[in-house]
Amino acid sequence: VPIAEFQGVSFMLADMATGIEAARSTYLAAARRRDAGLPFGPQASMSKLLATDNAMKVTTDAVQLFGGYGYTTEYPVERFMREVKVMQIFEGTNQIQRMVIGRSLTR
Ligand SMILES: Cc1cc2nc3c(=O)[nH]c(=O)nc-3n(C[C@H](O)[C@H](O)[C@H](O)COP(=O)(O)OP(=O)(O)OC[C@H]3O[C@@H](n4cnc5c(N)ncnc54)[C@H](O)[C@@H]3O)c2cc1C
């Protein structure tokens, strides 16, 4: 039986796909606000925060799913996880994104 057919694994895959779809929808919503000439700062911050935190979770889970092969440098999965980490740091760390979002709520 392929491991993807085990319920525990398919739940992980479902959560990963759902997170990716949520991140995509959120950044598109921010982009639509910008195109419409509406304020989009907090939405852009939410989008960066959600997409990068989710990408960290998804790539970490992907390493887990691939087991030992996921951890070795022979396959690209560990590289995806390492490369995503910096996205939580640059272009405004995710703590700073939370500050921007928090301020927009209490202003
Ligand atoms: C690969 C890479 C490429 C980069 N490319 C560019 C680039 O092209 N152009 C550019 O200008 N910069 C670039 N940077 C810099 C990047 O934007 C900074 O690393 C980032 O802004 C974080 O700043 P810092 O490293 O000084 O961390 P610090 O500001 O020292 O922060 C350290 C930690 O403390 C947290 N922290 C800091 N202040 C607060 C606060 N008030 N409240 C809560 N937490 C806080 C941060 O979130 C972080 O977790 C790049 C960085 C990397 C790693």
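Just so you know, ligand 1 is whichever comes first in the structure, and atom 1 is the first atom listed for that ligand.
- At the shortest separation from atom 25 (O) of ligand 1 among protein heavy atoms lies Ile89 CG2, 4.9 Å.
- Both Leu13 and Ile3 sit in one connected hydrophobic cluster of ILVMFWY residues. Membership requires side-chain heavy atoms under 4.5 Å apart, directly or through other members.
- Residues Val84 and Val63 share a single hydrophobic cluster, defined by chaining ILVMFWY side chains whose heavy atoms lie under 4.5 Å apart.
- Residue, atom and distance of the protein heavy atom nearest to atom 13 (C) of ligand 1 are Phe90 CB, 4.9 Å.
- For atom 23 (O) of ligand 1, the nearest non-hydrogen atom of the protein is Thr93 CG2, 4.7 Å.
- A salt bridge is defined here as a Lys NZ or Arg NE, NH1 or NH2 lying under 4.0 Å from an Asp or Glu carboxylate O, and Lys57 with Asp61 meets this definition.
- In this structure, the protein non-hydrogen atom closest to atom 40 (C) of ligand 1 is Met99 SD, 3.7 Å.
- Partner of Asn94 under the side-chain contact (heavy atoms from CB on, under 4.5 Å) criterion, out of Asp53, Leu50, Ile89: Asp53 alone.
- Within 4.0 Å of atom 1 (C) of ligand 1, at least one protein heavy atom is present.
- Protein non-hydrogen atoms do not reach within 4.0 Å of atom 33 (C) of ligand 1.
- Here the heavy atom of the protein found nearest to atom 53 (C) of ligand 1 is Val86 CG2, 3.5 Å.
- Inside a 4.0 Å radius of atom 49 (O) of ligand 1 there is at least one protein heavy atom.
- Of the protein's non-hydrogen atoms, Ile96 CD1, 3.9 Å is the one closest to atom 39 (C) of ligand 1.
- Under the 4.0 Å distance rule, the nearest protein heavy atom to atom 18 (C) of ligand 1 falls outside the cut-off.
- Of the protein's heavy atoms, Gln95 CB, 3.6 Å lies nearest to atom 44 (N) of ligand 1.
- Within a 6.0 Å radius of CD in Glu83, more than 12 heavy atoms belonging to other residues, nucleotides or ligands are found.
- Remark: atom 28 (P) of ligand 1 lies closer than 4.0 Å to no protein heavy atom.
- By the definition of a contact as any protein heavy atom under 4.0 Å away, atom 42 (N) of ligand 1 is in contact.
- Under the 4.0 Å distance rule, the nearest protein heavy atom to atom 15 (C) of ligand 1 falls outside the cut-off.
- The nearest protein heavy atom to atom 37 (C) of ligand 1 is not closer than 4.0 Å.
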